[in-house]
Amino acid sequence: MKRNQTKIKQAIAAGQAILGIELGSTRIKAVLITPDHILAAQGSYTWENCLTNGIWTYSLKDIWIGLQAAYADLARDVEEKYGEKLTTLAAIGISAMMHGYLVFDENDELLVPFRTWRNTMTEKAADALTDLFQFNIPQRWSVAHLYQAILNGEDHVSRICYQTTLAGYVHWKLTGQKVLGAGDASGMFPVDPATGQFDVLKMEAFDSLIVNTVRLDTDDRKKTAADRRCADDSAAAADNQTIPWILADIFPRVLKAGESAGVLTEEGARLLDPTGCLRAGIPFCPPEGDAGTGMVATNSVRQRTGNVSAGTSVFAMVVLERNLSEVYRELDLVTTPTGDPVAMVHCNNCTSDLNAWIDLFRQFGELFGMETDDDRLYTALYRKALEGDADGGGILVCNYLSGESITGFDEGRPLLMRHPDSTLDLANFMRANLYSAVATLKIGLDILLKQENVPVDFMMGHGGLFKTKEVGAKIMAAAMNTPVAVMETAGEGGAWGIALLASYMLNGGGMTLGDYLEQRVFVHSECYVTEPDPEDVRGFEAYMERYIKGLSVERAAVEEDRGADR
C-alpha cells in the first residue's frame with residue numbers, strides 16, 4: 001500500500017476522517033476527506049425530481065433512499081480502497097439545494113409535498129414581499145412560498161410548526177437540531193449582515209402583514225401604496241383562516257460557519273446507515289446551501305472575490321464590501337456561510353442548448369464512422385471557438401430552453417439567427433453559442449459591476465463550462481472584463497465544500513473562514529488565471545447589443561408558439 005494510502009487508512013481507523021454530503025438536483029454525493037483535506041473516498045446516488053399535480057418535488061422516501069444509497073456507496077469505496085469499515089468520524093456536514101418549501105406540523109409530519117426551488121408559482125407573493133421589504137425576494141425563496149400559501153388560503157398554513165430547507169430537514173432528522181447555516185438561511189428569508197441572523201424588522205413586518213396590520217417602521221407613518229396592496233391581499237386570504245404563529249416560532253435557529261450544530265443521534269445513525277456500523281455522537285457543522293458550499297469549494301468567501309458556477313444553469317456570486325444603492329430584481333442578496341453579504345445573479349439557462357448542438361456534431365461524426373468520447377469532442381469544439389471573430393461573426397444564438405426571469409421570459413424557445421452577410425463557419429458558430437451560454441448572466445453582472453461599480457479582484461470558475469479551462473475562463477473573462485481563475489480542486493463540488501466547513505468547525509481555532517481556507521486548504525492548490533483580452537471584451541459587448549435586440553424575436557417566437565397551442 002502506498003504511503004498516502006496508509007496514512008488515510010490510519011485516519012479512517014482512528015475516526016479522524018470527515019464526511020460531507022450534498023443533495024443536488026440530479027445527484028446526492030458523499031465524500032470523505034482526511035484531516036488535511038484530501039479527498040479519500042466518495043459515493044453517489046442519481047435521482048430526479050418529479051412533477052406531481054403541477055408541483056416539482058422529491059418525496060421524503062426518496063430523500064432517505066438516496067442518502068442511504070450514497071452513504072452505502074461511500075462505505076463500499078472506503079472498504080475496497082483501505083480495508084476499513086466506517087464506524088465513526090470526526091465530523092459530518094450536510095448541504096443541499098437551497099430555497100423551496102418544507103413545512104411540518106406539531107407531530108413532525110410533512111404538511112404538503114416538498115416544493116422545490118424549481119417551482120415558479122409564487123409571483124404574486126414575491127412581488128408583494130419585495131415591495132414590502134424593499135429587498136428583492138425571488139420566487140424560489142422559502143418565504144415567498146410561505147406567503148403564497150397564505151394568499152392561496154391553503155388549509156395547512158394554520159398548522160405549521162416548523163419550516164426549513166432540504167439541508168435543514170436532513171440535519172434535523174440526523175441530529176434533532178432545528179438549525180440552519182447562515183448562507184442557507186439567507187435563501188429562506190433576508191439575513192441581517194450586521195447580526196448574521198434573520199432580519200428582525202423584516203420578520204416583524206411580515207408578522208404584521210399576515211394579520212393585516214402592515215408596519216414597516218416603529219412609528220405609525222402612513223402606509224405606502226405597496227403596503228396597502230400587501231394588506232389587501234393578506235386580508236382576503238385571512239378571511240377563512242387563523243394563523244397562530246409568527247415567523248420566529250416556525251423558523252430554524254441561524255448559525256454561522258464554525259459553530260457547533262449538534263451531534264449524530266442513535267436514530268440519526270440508523271437513518272443514515274441502516275447496517276448499524278456507524279456510531280452516534282459524531283459532531284455536525286451547520287447545514288448549508290449549495291451556493292455557500294460552492295463558495296467554500298472555490299475559496300471565494302472574502303470581500304472582492306466571487307465565483308461562477310456554469311453548467312445546466314448558471315449563477316455568479318460576489319462578496320460585497322458595501323450595500324447596493326437600490327433594489328434590483330435581477331440581483332439576489334444572500335450571505336456567505338459566515339453571514340457576509342453576497343450579490344447573486346442566477347439564470348436558468350446555460351449549456352443545455354450548447355450541449356444539444358454538440359450532440360448534433362457527434363451524430364454527424366457517427367454518420368461517417370467517426371466515434372469520439374465527450375472530453376475529446378467538447379475540447380475540440382470549445383477550442384475551435386477561439387479561432388472565431390471576437391463578436392461571433394454576426395451570428396446570434398438565444399439559448400432559452402426554459403423561462404428566464406432576468407429578461408422577463410416565463411418560457412423559452414432556442415433560436416439561431418444571423419444576417420445574410422454573417423460569417424457562418426464552425427469557429428463563429430461555437431463562439432456565438434458560448435457567448436449565449438453566459439449572455440443573460442452578463443446582463444445581471446453588468447448591473448453589479450457597471451451600474452453599482454462593485455469591485456471584484458477575480459472570479460473563480462467551476463462547472464461544466466470550465467472543464468476546457470482555457471476556453472471557458474476566456475469567455476467568462478470577456479463577459480465580465482474581470483480575471484477568471486479555475487482551480488484544480490474546484491471540480492470537487494459542494495460535498496467537498498461542506499466537508500471543509502465541518503473541518504473548519506473542528507480546527508478553525510479562532511481563524512476567519514477566509515484565512516482558514518487560504519492558509520490550511522488552498523495554500524498549495526494550482527490555479528489557472530485568465531486575464532480579460534481587450535479585443536474579446538469589445539467583441540462580447542458587440543455581441544450583447546445584438547443579443548438584447550434579438551430578445552424581441554425570442555419574445556415573438558414564444559408568444560406566437562403559445563398562441564398556436566391554444
Side-chain angles (χ1 to χ4, degrees), residues 37 39 291 293-311 314-321 336 340 342-345 350-351 375 378-379 382-388 390 430-431 434-435 437-439 441-442 444-446 448-450 453-494 496-497 500 512-541 543:
H37 315 111
L39 182 65
T293 54
M295 297 177 75
V296 172
T298 55
N299 193 21
S300 306
V301 299
R302 291 189 185 277
Q303 291 178 350
R304 301 175 67 100
T305 67
N307 74 96
V308 179
S309 175
V314 61
F315 63 84
M317 306 183 71
V318 176
V319 186
L320 301 174
E321 289 183 314
T336 68
D340 295 323
V342 175
M344 179 180 185
V345 182
C350 186
T351 61
D375 285 345
Y378 274 81
T379 298
Y382 273 35
R383 286 178 175 164
K384 189 66 179 178
L386 299 186
E387 300 174 17
M430 286 305 302
R431 183 174 283 246
L434 285 167
Y435 280 175
V438 296
L441 183 77
K442 177 173 170 55
L445 286 173
D446 280 352
L448 195 63
L449 304 181
K450 294 180 180 180
N453 295 311
V454 171
V456 183
D457 293 333
F458 65 88
M459 294 287 285
M460 299 300 307
H462 57 113
L465 186 71
F466 297 99
K467 285 185 178 179
T468 309
K469 55 191 175 186
E470 70 273 22
V471 179
K474 186 176 177 65
I475 296 296
M476 190 62 71
M480 298 183 60
N481 196 17
T482 299
V484 173
V486 180
M487 285 190 297
E488 297 297 333
T489 54
E492 304 293 0
W496 188 60
L500 294 180
T512 67
L513 179 59
D515 286 345
Y516 183 80
L517 294 176
E518 281 195 6
Q519 299 174 25
R520 300 280 185 85
V521 180
F522 296 103
V523 63
H524 298 302
S525 295
E526 294 184 17
C527 194
Y528 180 96
V529 180
T530 300
E531 297 287 339
D533 182 308
E535 184 179 355
D536 288 341
V537 172
R538 288 190 293 270
F540 209 138
E541 292 292 347
Y543 180 86

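Note that these values count all heavy atoms, side chains included, but never hydrogens, waters or copies made by symmetry.
Here the CG atom belonging to Asp446 is positioned 9.5 Å from the CE atom belonging to Met480, to the nearest 0.5 angstrom. His462 NE2 to Met295 CE: the interatomic distance, rounded to the nearest 0.5 Å, is 9.5 Å. Atom-to-atom distance recorded for Leu386:CG and Arg431:CZ is 6.0 Å, nearest 0.5 angstrom. For the atom pair Phe458 CZ and Glu531 CD, the distance stands at 11.5 Å (nearest 0.5 Å). For the atom pair OH of Tyr528 and CZ of Phe466, the computed distance is 12.5 Å after rounding to the nearest 0.5 Å. To the nearest 0.5 Å, atom CD1 of residue Ile475 and atom CG of residue Asp536 are 6.5 Å apart.
Side-chain N or O atoms of Thr305 include none that pairs as donor or acceptor with a backbone N or O of Gln303 at under 3.5 Å. Not one N or O on the side chain of Lys469 forms a donor-acceptor pair closer than 3.5 Å with the backbone of Val486. No donor-acceptor pair under 3.5 Å is formed between the side chain of Thr293 and the backbone N or O of Gly497. Between the Thr530 side chain and the Ala473 main chain, no donor and acceptor come within less than 3.5 Å of each other.
Side-chain atoms of Val301 and Asp340, non-hydrogen and from C-beta on, never get closer than 4.5 Å to each other. Trp496 has its side chain within reach of Val521: a pair of non-hydrogen atoms, C-beta onward, lies under 4.5 Å apart. Side-chain contact between Glu470 and Thr468 is present, with heavy atoms from C-beta onward closer than 4.5 Å. Side-chain atoms of Lys442 and Glu541, non-hydrogen and from C-beta on, do get closer than 4.5 Å to each other. Contact annotation: the side chain of Val484 never approaches that of Val308 to less than 4.5 Å [non-hydrogen atoms, C-beta and beyond]. Two residues are said to be in side-chain contact when any heavy atoms from C-beta on lie closer than 4.5 Å; Leu513 and Thr336 fail this criterion. In this structure, Met487 and Asn299 have side chains that are in contact, with non-hydrogen atoms separated by less than 4.5 Å.
Under a 4.0 Å N-O distance rule, the pair Arg538/Glu535 does not qualify as a salt bridge.
A salt bridge (Lys or Arg N to Asp or Glu O under 4.0 Å) check over residues 294-311, counting only residues at least two apart or in different chains, returns the pairs Arg302-Asp515, Arg302-Glu518, Arg304-Glu321, Arg304-Asp457.
Contact record, Lys450 with Asn453: O-OD1, 3.1 Å, taken as the closest heavy-atom pair. Across every non-hydrogen atom of Met460 and Thr298, the tightest pair is CG-O, 3.2 Å. Across every non-hydrogen atom of Thr482 and Val456, the tightest pair is CG2-O, 3.9 Å. Closest non-hydrogen pair, Ala343 versus Leu448, comes out as CB-CD1, 3.6 Å. The two atoms that bring Ala385 and Leu434 nearest to each other are CB-CD1, 3.6 Å, heavy atoms only. Shortest non-hydrogen contact noted between Arg520 and His37 is O-ND1, 3.5 Å.
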- Message: What verdict does the side chain to side chain contact (heavy atoms under 4.5 Å, CB included) test give for Val342 and Val318, after you've listed the backbone C-alpha separation in whole Å, the side-chain angles of each residue and the deciding distance to 0.1 Å?
- Response: CA-CA 5 Å; Val342 175; Val318 176; 5.7 Å; no
- side chain to side chain contact (heavy atoms under 4.5 Å, CB included) between Met344 and Phe315: does it pass, once the steps are laid out? CA-CA 7 Å; Met344 179 180 185; Phe315 63 84; 3.8 Å; yes
- Task: Check the pair Ser525, Val523 against side chain to side chain contact (heavy atoms under 4.5 Å, CB included), reporting the backbone distance first and the verdict last.
- Result: CA-CA 6 Å; Ser525 295; Val523 63; over 6 Å; no
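Applying the side-chain contact (heavy atoms from CB on, under 4.5 Å) criterion to Asn481, with sequence neighbours excluded, gives Pro532, Val537. Partners of Ser309 according to the side-chain hydrogen bond (donor to acceptor under 3.5 Å, both in side chains) rule, which considers only residues two or more places apart in sequence or in another chain, do not exist here.
Across Thr351, Leu445, Leu465, a single residue satisfies side-chain contact (heavy atoms from CB on, under 4.5 Å) together with Val438, and that is Leu465.
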